[in-house]
Q: 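Take a look at the following structure, please.
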Amino acid sequence: MSESGNPVTGPADKRARWWRPELGLALVVLGLGGFVIAGTLEVSAAASRLGVGPRFFPLLVGGAMILIGLCYVADVLRGGRGDPEESEDVDLGAPADWRSVGLVSGVFLGFTAVLNVLGWIIAASLLFFGLSVALGAEHRLRAAGIGVLLGITTYLLFVKGLGVTLPGGVLRGVI
């Protein structure tokens with residue numbers, strides 16, 4: 001014990017002062033940004049008709065993640081803390097909704113299973129529809145229509161706009 005009556009701080013106490021969950025999240029964001037950049041550098045493809053190749057958006061997202069991660073690390077090391085949840089409609093004592101987590105996970109696994117067989121448009125339409133239903137969409141017909149619209153739109157943007165090849169599946173000769 002020191003003269004003031006407080007125990008002498010050891011290495012674990014010093015680490016506890018600067019290591020917080022916020023710093024862990026900041027380092028994860030920083031690492032994921034680096035992972036995205038490293039993965040994107042391996043992509044080799046020509047630029048599209050718009051002059052933007054398939055590397056542009058992943059590099060943009062990876063660079064933004066690195067920038068945000070660095071800013072977040074600096075903020076945490078200067079003493080910044082995450083704000084506690086103060087929303088009226090959040091019950092912090094409520095258990096996790098594992099049913100929704102399972103449904104969303106199942107929808108993503110199903111999407112990966114049928115993507116090459118059905119093709120992007122159909123698989124992505126089912127993905128968007130399945131996610132909206134799993135997350136509580138009440139109007140299923142509207143959700144299905146929006147899912148199909150998003151599937152077609154994303155396909156056209158990536159294939160026609162960016163020149164990225166997506167699986168055609170059963171619609172290969174039609175599109």
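Just the heavy atoms: all of them, side chains too, but no hydrogens, waters or symmetry mates, feed the values below.
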Q: How long is the span from the CZ atom in Phe57 to the CG atom in Leu157, to the nearest 0.5 Å?
A: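 Here the rounded value is 9.0 Å.
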Q: Going from CG on Leu162 to CZ on Phe56, what distance comes out if it is rounded to the nearest 0.5 angstrom?
A: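 CZ of Phe56 is found 9.5 Å from CG of Leu162.
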Q: How long is the gap from CG on Leu23 to CG on Asp75, to the nearest 0.5 Å?
A: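 Leu23 CG to Asp75 CG: 10.5 Å, rounded to 0.5 Å.
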Q: Taking all heavy atoms of Ala134 and all of Val104, pick out the closest pair and write down the distance.
A: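 Here Ala134 and Val104 meet closest at CB-CG2, 4.2 Å.
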Q: How close do Val114 and Ala123 get, counting heavy atoms only, and between which atoms?
A: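 Nearest heavy atoms, Val114 then Ala123: CG2-CB, 4.1 Å.
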Q: Tell me whether Leu149 is reachable from Leu126 by hopping between hydrophobic residues (I, L, V, M, F, W, Y) whose side-chain heavy atoms are closer than 4.5 Å.
A: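 No, separate clusters.
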Q: How far apart are the closest heavy atoms of Val73 and Ala26, and which atoms are they?
A: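 Distance-wise, the nearest heavy atoms are CG2-CB, 3.6 Å.
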Q: Mind listing the closest non-hydrogen atom pair of Val29 and Met65 along with its distance?
A: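 Smallest heavy-atom distance, with atoms named: CG1-O, 3.5 Å.
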Q: Consider only side-chain heavy atoms of I, L, V, M, F, W and Y, link residues closer than 4.5 Å, and tell whether Leu150 and Val133 are in one cluster.
A: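 No, because Leu150 and Val133 fall into different hydrophobic clusters, even though each may have its own neighbours under 4.5 Å.
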Q: Evaluate Phe108 against Leu127 for side chain to side chain contact (heavy atoms under 4.5 Å, CB included), listing each step before the verdict.
A: CA-CA 7 Å; Phe108 275 113; Leu127 170 73; 3.8 Å; yes
Q: Out of curiosity, Leu166 CG to Thr154 OG1, how far, rounded to the nearest 0.5 Å?
A: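 That separation rounds to 7.5 Å.
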Q: Of all heavy-atom pairs between Ser125 and Gly151, which one has the smallest distance, and what is that distance?
A: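 Reported closest heavy-atom pair: OG-CA, 4.0 Å.
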Q: First locate atom OH of Tyr72, then atom CG of Leu77, and finally report the distance between them rounded to the nearest 0.5 Å.
A: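 So the gap between those two atoms works out to 11.5 Å.
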Q: Do you know the tightest heavy-atom contact between Thr40 and Pro58?
A: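 Scanning both residues completely, I find the closest heavy atoms to be OG1-CB, 3.1 Å.
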Q: State plainly whether one hydrophobic cluster holds both Phe35 and Ile37, where clusters connect Ile, Leu, Val, Met, Phe, Trp and Tyr through side-chain heavy atoms under 4.5 angstrom apart.
A: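 They do not share one cluster, since no chain of ILVMFWY contacts under 4.5 Å joins Phe35 to Ile37.
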Q: If the condition is ring pair (Phe, Tyr, Trp, His ring centres under 6.0 Å), which residues does Phe158 pass it with, not counting sequence neighbours?
A: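 Phe158: no ring pair (Phe, Tyr, Trp, His ring centres under 6.0 Å) contacts found.
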Q: Between Ile122 and Val170, is there a side-chain heavy-atom distance shorter than 4.5 Å?
A: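 Result yes, sub-4.5 Å side-chain heavy-atom pair found.
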Q: Under a 4.5 Å side-chain heavy-atom rule over Ile, Leu, Val, Met, Phe, Trp and Tyr, are Ile152 and Val159 clustered together?
A: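 Both belong to a single hydrophobic cluster.
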Q: Can you check side chain to side chain contact (heavy atoms under 4.5 Å, CB included) on Val107 and Phe111, steps first, answer last?
A: CA-CA 6 Å; Val107 169; Phe111 170 72; 5.6 Å; no
Q: Indicate if Phe129 and Leu115 have the same hydrophobic cluster label, given that clusters are the connected sets of ILVMFWY residues with side-chain heavy-atom separations under 4.5 angstrom.
A: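 No, Phe129 and Leu115 fall in different hydrophobic clusters.
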Q: Look up atom NE2 in His139 and atom CD1 in Ile146, then write down how far apart they are to the nearest 0.5 Å.
A: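 Going from NE2 on His139 over to CD1 on Ile146, the span is 10.0 Å.
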